[in-house]
**Q** 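One structure, pasted below without further comment.
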Amino acid sequence: MKIAMASDHAGYELKGEIKAWLENEGHEVIDFGTDSKESCDLSDYIYPASLAVAKGEADRGIFVDGVGYGSALIANRIYGLNAAVCQDPFCAKLARQHTDSNVLCIGGKIIGSGIALEIVNVWMHTDVLSGIEKYTNRIKKVQAISEKHLKKLSEI
Ligand SMILES: O=C(CO)[C@H](O)[C@H](O)COP(=O)(O)O
């Protein structure tokens with residue numbers, strides 16, 4: 001898969017570890033920065049990476065900041081993106097199975113690299129439970145909310 005990655009300073013180190021793991025697994029990573037631990041604003045990196053996923057230039061996104069929520073907040077404002085903050089592999093499994101998330105957000109200040117790589121591994125290898133009506137209905141309802149409240153990229 002083609003994965004868009006981005007981080008702020010707080011997620012920079014963990015981004016590098018996840019990137020290396022993904023590439024070792026044969027995935028292509030498009031790295032939108034940041035490129036150092038120097039303090040920065042996460043919007044400057046997460047937003048362009050989010051757009052790459054929304055435009056289909058990447059299949060999915062993995063974003064790393066201090067606690068994950070800031071990245072998810074940005075990504076979930078963009079039509080077509082469904083970002084989940086995951087703090088353990090179980091969250092990652094449900095984020096894929098129940099809500100078909102296409103963006104994973106992890107907090108480098110709160111998650112060690114061992115558990116982070118487990119989270120990424122589960123998230124990368126779990127599919128949405130497409131045959132179960134309860135979950136497909138949930139996804140359709142969220143999609144309907146997006147249709148009502150978010151602009152498609154083609155409308156901007
Ligand atoms: O976790 C974050 C957003 O979800 C950021 O990484 C965090 O807010 C950065 O804080 P600071 O600039 O004080 O290091």
Side-chain angles (χ1 to χ4, degrees), residues 1-25 27-126 128 138-139 141-143 145-146 148-153 156:
M1 267 191 250
K2 212 181 258 194
I3 309 294
M5 287 202 75
S7 76
D8 67 358
H9 53 284
Y12 166 70
E13 278 187 339
L14 184 56
K15 170 167 70 72
E17 293 183 66
I18 295 171
K19 180 180 175 181
W21 185 90
L22 287 167
E23 288 176 340
N24 193 45
E25 292 279 305
H27 300 289
E28 183 184 339
V29 174
I30 313 168
D31 189 343
F32 287 84
T34 187
D35 299 320
S36 78
K37 285 162 81 173
E38 190 180 330
S39 187
C40 64
D41 191 65
L42 76 168
S43 307
D44 297 331
Y45 303 95
I46 304 300
Y47 179 49
S50 297
L51 285 180
V53 180
K55 287 176 185 168
E57 293 165 4
D59 301 301
R60 294 192 197 172
I62 299 181
F63 306 156
V64 193
D65 62 30
V67 293
Y69 293 105
S71 295
L73 183 129
I74 295 163
N76 280 327
R77 277 164 169 67
I78 297 170
Y79 184 95
L81 266 58
N82 174 2
V85 182
C86 295
Q87 293 166 354
D88 60 45
F90 185 65
C91 295
K93 184 176 166 191
L94 263 58
R96 290 285 311 134
Q97 284 189 334
H98 293 188
T99 55
D100 198 16
S101 70
N102 57 2
V103 172
L104 170 66
C105 301
I106 300 183
K109 285 185 181 177
I110 53 168
I111 307 284
S113 67
I115 190 88
L117 295 180
E118 277 183 50
I119 290 168
V120 172
N121 189 17
V122 168
W123 189 77
M124 289 295 293
H125 290 105
T126 304
V128 62
R138 182 182 301 171
I139 290 164
K141 284 183 190 175
V142 175
Q143 179 62 26
I145 295 168
S146 294
K148 194 169 172 186
H149 293 281
L150 297 180
K151 277 188 184 171
K152 293 179 180 155
L153 288 186
I156 296 171

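Start at 1 and go down the list; that is how both ligands and their atoms are numbered.
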**Q** Near Y69, which atoms of ligand 1 are under 4.0 Å from a heavy atom of that residue?
**A**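 Listed by number with element: 4 (O).
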**Q** Could an N or O of ligand 1 be found under 3.5 Å from any N or O of S39, whether backbone or side chain?
**A**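 Between S39 and ligand 1 (N or O atoms, distance only) the closest approach is not under 3.5 Å.
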**Q** Tell me: protein heavy atom nearest atom 13 (O) of ligand 1, and distance?
**A**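 Checked against all protein heavy atoms, atom 13 (O) of ligand 1 sits closest to K109 NZ, 4.2 Å.
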**Q** Please indicate whether any nitrogen or oxygen in G70 is less than 3.5 Å from any nitrogen or oxygen in ligand 1.
**A**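 Among all N and O atoms of G70, at least one is under 3.5 Å from an N or O of ligand 1.
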**Q** For atom 2 (C) of ligand 1, find the nearest protein heavy atom and state the residue, atom name and distance (0.1 Å precision).
**A**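 Atom 2 (C) of ligand 1 sits closest to the protein heavy atom G66 N, 3.5 Å.
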**Q** Give me the residue, atom name and distance of the protein heavy atom closest to atom 11 (P) of ligand 1.
**A**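 Of the protein heavy atoms, H9 NE2, 3.5 Å lies nearest.
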**Q** Between V67 and ligand 1, does any nitrogen or oxygen pair lie at a separation below 3.5 Å?
**A**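 Yes - when backbone and side-chain N and O of V67 are compared with those of ligand 1, one distance drops under 3.5 Å.
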**Q** Determine whether the side chain, the backbone, both or neither of D8 has a heavy atom under 4.0 Å from any heavy atom of ligand 1.
**A**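 Contact part for D8 vs ligand 1: side chain (C-beta onward).
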**Q** So which heavy atom on V64 is nearest to which on I18, and how close?
**A**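 Distance-wise, the nearest heavy atoms are CG2-CD1, 4.0 Å.
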**Q** Give the atoms of ligand 1, by number and element, whose distance to some non-hydrogen atom of A10 is under 4.0 Å.
**A**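 Those of ligand 1 that fall under 4.0 Å from A10 are 6 (O).
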**Q** Among all the protein's non-hydrogen atoms, which is closest to atom 3 (C) of ligand 1, and how far away is it?
**A**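 Atom 3 (C) of ligand 1 sits closest to the protein heavy atom D65 OD2, 3.4 Å.
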**Q** Tell me the closest heavy-atom pair linking I3 and M124, and the distance in Å.
**A**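 That closest heavy-atom pairing would be CD1-CE, 3.7 Å.
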**Q** For the pair N76 (side chain) and A83 (backbone), establish whether a donor and an acceptor sit closer than 3.5 Å, ignoring hydrogens and angles.
**A**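 Yes, because the side chain of N76 sits within donor-acceptor range (under 3.5 Å) of the backbone of A83.
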**Q** Specify the closest pair of heavy atoms between Y45 and C40, including all atoms of both residues, with the distance to one decimal.
**A**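 Reported closest heavy-atom pair: CE1-SG, 3.7 Å.
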